Number of protein chains: 2
Amino acid sequence: MSEKFDAILSSANLPQSGGLLYLRLRNLIAQSIDEGFLAPGDGLPSERDIAQMTGLSRVTVRKALGQLVSEGVLFQRHGSGTFVTQQVERFEQSLSTLTSFSEDMARRDMELRSQWLDRGIYAPAPEEMVILGLAGDEKVARVGRLRIANGVPLAVERAAIAASILPDPQSITHSLYAKLNETGHRPVRALQRIAAVNLDQKNAALLGVAPGSASLRIERTAYLASGRVVEFTRSIYRGDAYDFVAELRDAKS
Amino acid sequence: MSEKFDAILSSANLPQSGGLLYLRLRNLIAQSIDEGFLAPGDGLPSERDIAQMTGLSRVTVRKALGQLVSEGVLFQRHGSGTFVTQQVERFEQSLSTLTSFSEDMARRDMELRSQWLDRGIYAPAPEEMVILGLAGDEKVARVGRLRIANGVPLAVERAAIAASILPDPQSITHSLYAKLNETGHRPVRALQRIAAVNLDQKNAALLGVAPGSASLRIERTAYLASGRVVEFTRSIYRGDAYDFVAELRDAKS
DNA sequence: CAGTGGTCTAGACCACGCC
DNA sequence: GCGTGGTCTAGACCACTGT
């Protein structure tokens, strides 16, 4: 198990030559993975063993490992060990056609699961009143889901819809858009705002990745043909699992 | 200076009650900022002072501060101190029209500067040969720039163009697209792939943010009217400074 | 229960900024 | 020169996982 490491680590004479110790160890491990000495799923020696092998303190070893964990190269399981991350399959989503997550995955032949985080009628937050154009006494339906494809959590999706349009959020079984379709409230147009954010602890736990991992926050405002706002959704997509693809055309043509 | 902190920190009796120490300190500071006790630009006491005030070790204080730094709430300057982050102005970019960074900023009346990272003719990498459709002996022009708007570094942009289209990259002064326009090689269509990634150390240093900060990596492949690929650009945009906006339409309409 | 990662301490020295 | 953050050490104890 750790003979492999003895070769990798001792050959490099870490304490010699210039540079910061934790960075040299970090690069050594990263390089070993790049060159295939360490394969995805492989376990590393314990932090204490690495410290002894390299002659570094455990704190310094932890700093090197911690940086690779925050970059998504390694992951650690309390009480179990440190391992090389399995590359997850990346998904693509178009930024020009308007489809829901469920429809998108069905087209790809993925096994999609959802875990309900929230599904009910609430008094609207000020933000929701403004965006959805709610009257003072109107309620809002909130639908929050964790989206899981082939067993991998991909996104946290929280939608808000006027209760007058969706009075019974509990009745949604699969697709929100399918439900809106039934009642003639399917949106025909949407604006999406995309930003990169570091995951907070709560969303990181839901998505099964390290806090601070890069993710895409997408705020979508969807409109009916009449121009009325029908849906406002704020989603968090795992950065390591999702690509968004857009086609641009020359403004002058 | 630190009387304010004495009140904040001592009133909370950190070492008492449950929970992890570094998280309690982290939350205490975050809360102080949320509630306005600490304003953007304000300095915090030194790590050693905070340690003494709270009765924690400096390592633990650093762990609490480090988490807030990685979230972009605080920033630290070596030899100077720890400060509350100034909110940077966010920029929006459309994902439906094809414009270059220079043109985009000029429209906004921003003072744009570029710092050259790279500008020359090279032997192409395999990836470049495939994407740009280069012959075996054809060279590639690389144009790498750090984009700075109103003094704030916003993006790292690295473009690759066939040398037969852009034989003299040194002659570019401002806009790459303006240059391509001159020689009749302006792209009319582009595909963009957008992903969220954690910044590595090098790009983080260029953009002036903490390593690990969330950023948007955008790979753009641009096409001439003839269908030939004219440009492949890989850019890194600061996540805290950029929103991308897309308009979606129903596939069925 | 043995081994793992997670937290925490009390020190030390270095590198940088500012006066 | 003095104070700041940045690195590093040698230990300790806790919490979780596996057998």
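In what follows, chains are A, B, ... by sequence order, proteins preceding strands, each numbered from 1. It should be emphasised that the depicted structure is a prediction, and the values quoted were computed from it without experimental measurement.
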Rounded distance in Å - CZ (Phe83(B)) to C1' (dG17(C)):
10 Å
For Glu47(A) and Gln52(A), test the side chains for any donor-to-acceptor distance below 3.5 angstrom and give the result as yes or no.
no
Does the ring center of Phe244(B) lie less than 6.0 Å from the ring center of Tyr237(B)?
yes
Which part of the nucleic acid does Arg77(A) contact within heavy-atom distance under 4.0 Å: base, sugar-phosphate only, or nothing?
sugar-phosphate
Send over the distance from Leu21(A) CG to dC14(C) C1', rounded to a whole Å.
12 Å
Using whole Å, report how far CG of Asp49(A) lies from C1' of dA2(C).
13 Å
Contacts of Gly79(B) and His78(A) projected onto DNA chain C by closest heavy atom; the upstream (5') one is His78(A)
Nucleotide range of DNA chain D lying under 4.0 Å from chain B heavy atoms
dG3(D) to dT7(D)
Residue pairs fulfilling ring-ring contact (aromatic ring centres under 6.0 Å, His included) with at least one residue in residues 46-65 of chain A, sequence neighbours excluded
none
Need one value for Arg58(A): base, sugar-phosphate or nothing, where a base atom within 4.0 Å counts as base even if backbone is also close, heavy atoms only.
base
Ion pair present between Glu127(A) and Arg234(A), side-chain N to carboxylate O less than 4.0 angstrom?
yes
Measure CZ/Arg62(A) against P/dT4(C) and give the value in whole Å, please.
14 Å
Which heavy atom of Pro153(B) sits nearest to which heavy atom of Leu206(B), and what is that distance?
CB-O, 3.8 Å
Cationic tip of Arg77(B) within the cone over Phe83(B)'s six-membered ring, i.e. under 6.0 Å and within 45° of the normal?
yes
